[in-house]
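Protein chains get the first letters and strands the later ones, always in sequence-line order, with residue 1 at the start of each. As the structure is a computational prediction, the values presented were derived from the model and not from experiment.
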2 protein chains.
Amino acid sequence: MAMPASTTLLAWTRLLRAADLASQHCAATLRTLGLPPPEWYDVLLAIERSGALRPRDLQAALGTEQYALSRLIDRMVKAGLLQRVPCAEDARGYLLHLTIEGRAMRAAMWPLYAEAIETALGARIAEEDCTVLARLLAPLTEPISA
Amino acid sequence: MAMPASTTLLAWTRLLRAADLASQHCAATLRTLGLPPPEWYDVLLAIERSGALRPRDLQAALGTEQYALSRLIDRMVKAGLLQRVPCAEDARGYLLHLTIEGRAMRAAMWPLYAEAIETALGARIAEEDCTVLARLLAPLTEPISA
DNA sequence: GCTAAGTAGTTGCACTTGCATGGACATTCC
DNA sequence: GGAATGTCCATGCAAGTGCAACTACTTAGC
């Protein structure tokens, strides 16, 4: 039951603050443009990349809570971007495909999403620092065990 | 309108994922113990440190949205942890003080909050790396201009 | 093959959040 | 000193989230 070092606390507050600012900026930018929020893009991209995905695989890929994902999918299906198709090997689940509109939406979102990322992160930190940052953060992206 | 470098994108995804995992772990830990969420601690600490604070100063200190803070304060007042006292210099606002219970709650939360931080961050990264991380994140904790 | 246990996904309910707006006081400018 | 503008905080409403069940199918054990 070790207490955190002061440097740990500093990193903690900055990590949360930086991530919050960055994601807020991104979400706000897309919203202002009348586009869906960033999560939608992540879902569209993940599905496009693998052709078709089951909810549980999306869940693993995105780290979203299961119930949150369930409803997110609902919304995206209602919006006409995704399509549920019955799954042959497992009747409990289904496969998610992109519709034409889904594909178009992903393509339309990317440049604006990318620009927001550049503004929020790329333009605020040197590229070498970015590389180091990514390396340092790597272990923190794995599930927390204890 | 520059596009992000690939290293920027990697840092982006890791930053968001790491922060999400860490804060989720923390919130879940406190919740499991029957304690209020981390934001409450941050509010209690900020007020305790300065003796009394106005909502707008809290807002600046914590980076919370104005309406979110307004309701958060409401809940904490209802829970008996905070107390609103009229503000002499500005009748629009008020000063926030900790109640005895508020002070006790902050003290009670700290060891468990701290342990969660240690588990989520300190124990997963070398201390030198933590220092570097904090330094790299510093520019990202400032408000995004453009 | 039948039961028990596990996994995939959904949903009711209470709570929180986001956005837009509103009301109250303060400040500025004439 | 009075209107216009700005700042501080609250709130209605719609939408999202978290937790805890719940249904439906699958797998394991026997």
Side-chain angles (χ1 to χ4, degrees), chain A residues 16 20-21 23-43 46-47 52-79 82-97, chain B residues 16 20-21 23-43 46-47 52-79 82-97:
Chain A
L16 297 194
D20 187 54
L21 276 173
S23 64
Q24 283 301 111
H25 169 77
C26 223
T29 300
L30 291 181
R31 212 202 144 274
T32 300
L33 297 166
L35 292 170
E39 318 81 275
W40 286 41
Y41 180 83
D42 299 335
V43 169
I47 298 178
L53 267 182
R54 290 185 53 179
R56 58 143 188 214
D57 298 322
L58 254 182
Q59 187 190 348
L62 304 180
T64 319
E65 295 292 337
Q66 196 275 321
Y67 49 82
L69 184 57
S70 176
R71 295 195 257 229
L72 174 55
I73 291 170
D74 258 0
R75 275 172 260 147
M76 294 181 70
V77 168
K78 279 196 189 81
L82 299 184
Q83 198 178 358
R84 287 186 239 244
V85 285
C87 180
E89 318 98 47
D90 190 338
R92 287 171 305 185
Y94 50 83
L95 284 169
L96 288 166
H97 287 272
Chain B
L16 297 194
D20 188 54
L21 276 173
S23 64
Q24 283 303 111
H25 168 76
C26 224
T29 300
L30 290 181
R31 212 200 145 277
T32 300
L33 297 166
L35 292 171
E39 317 82 274
W40 287 40
Y41 181 82
D42 299 335
V43 169
I47 297 178
L53 267 182
R54 290 185 54 178
R56 58 144 187 214
D57 299 321
L58 253 183
Q59 187 189 347
L62 305 180
T64 319
E65 296 292 337
Q66 190 273 318
Y67 48 83
L69 184 58
S70 176
R71 294 196 258 230
L72 174 55
I73 290 170
D74 258 0
R75 274 172 261 146
M76 294 180 71
V77 169
K78 278 195 189 82
L82 299 185
Q83 198 178 358
R84 288 187 237 243
V85 279
C87 181
E89 316 99 48
D90 190 339
R92 289 170 303 180
Y94 50 84
L95 284 169
L96 288 166
H97 287 272

Query raised in the report: For the side chain of A/R92 and the base of D/dT26, is some donor closer than 3.5 Å to an acceptor across the two?
Result: no
Query raised in the report: In whole angstroms, how far is the P atom of C/dT17 from the CZ atom of A/R31?
Result: 17 Å
Query - First encountered from the 5' end of DNA chain C, between A/D90 and A/Q24 - result: A/D90
Query raised in the report: From the list C/dA26, D/dG18, D/dT26, which nucleotide is the closest neighbour of the side chain of A/E65?
Result: D/dG18
Query raised in the report: With respect to the phosphate group of D/dC25, does any side-chain polar atom (N or O) of A/Y94 fall under 4.0 Å of OP1 or OP2?
Result: no
Report task. Could you tell me whether A/Y67 contacts a base, only the sugar-phosphate backbone, or nothing, with contacts defined as non-hydrogen atoms closer than 4.0 Å? Result -> base
**Report entry** Atom pair distance, as rounded to whole Å: CG in A/L72 and C1' in C/dG9
**Finding:** 14 Å
Query raised in the report: In whole Å, what is the span from the CZ atom of A/R75 to the P atom of C/dT10?
Result: 12 Å
Query - Close side-chain approach of A/L72 to A/W40, heavy-atom, < 4.5 Å - result: yes
Report summary line: Taking D/dA10, D/dC8, C/dT17 as options, the one with an atom nearest any side-chain atom of B/R71 is C/dT17
Requested in this report: Consider the side chain of A/R56, meaning its heavy atoms from C-beta on, and name the nucleotide among D/dC25, C/dA8, D/dC9 that approaches it most closely.
Outcome: C/dA8
Requested in this report: Please tell me which of A/L69 and B/Q66 maps to the more 5' nucleotide of DNA chain C, matching each residue to the nucleotide holding its nearest heavy atom.
Outcome: A/L69
**Report entry** A/S70 side chain near C/dG9 phosphate (N/O to OP1/OP2, under 4.0 Å)
**Finding:** no
Query raised in the report: Separation of B/L30 atom CG from D/dC19 atom C1', in whole Å?
Result: 17 Å
Query raised in the report: Starting at NE2 of B/H25 and ending at C1' of D/dG18, how long is that distance when rounded to a whole Å?
Result: 18 Å
Query raised in the report: Are B/R54 and D/dC9 close enough that a side-chain N or O sits under 4.0 Å from OP1 or OP2?
Result: yes
Query raised in the report: A/D74 CG to D/dT17 C1': how many Å, rounded?
Result: 14 Å
Query raised in the report: Is A/L62 close to A/V43 at the side-chain level, that is, under 4.5 Å between some pair of heavy atoms?
Result: yes
Report summary line: Taking for A/A88 and for B/R84 the nucleotide of DNA chain D with the nearest heavy atom, the one nearer the 5' end belongs to B/R84
**Report entry** Separation of D/dC8 C1' from B/E89 CD (nearest whole Å)
**Finding:** 14 Å
Query raised in the report: Is there a side-chain contact between A/L96 and A/I73 (heavy atoms, below 4.5 Å)?
Result: yes
Query raised in the report: How many Å lie between CG on A/L58 and P on C/dT7, as a whole number?
Result: 19 Å
Query raised in the report: Would you call B/P37 and B/R31 a side-chain contact if the rule is heavy atoms closer than 4.5 Å?
Result: no
Query raised in the report: Within the structure shown, what part of the strands sits under 4.0 Å from A/A68 by heavy-atom distance: base, sugar-phosphate, or nothing?
Result: nothing
Query - Side chain of B/E39 (C-beta onward), nearest among C/dT17, D/dC9, D/dT17 - result: C/dT17
Query raised in the report: For the residue pair A/H97 and A/V85, what are the closest heavy atoms and their distance?
Result: CD2-CG2, 3.0 Å
Report summary line: When B/Q83, B/R84, B/R54 are each screened for side-chain hydrogen bond (donor to acceptor under 3.5 Å, both in side chains) with B/Y94, the one that passes is B/R84
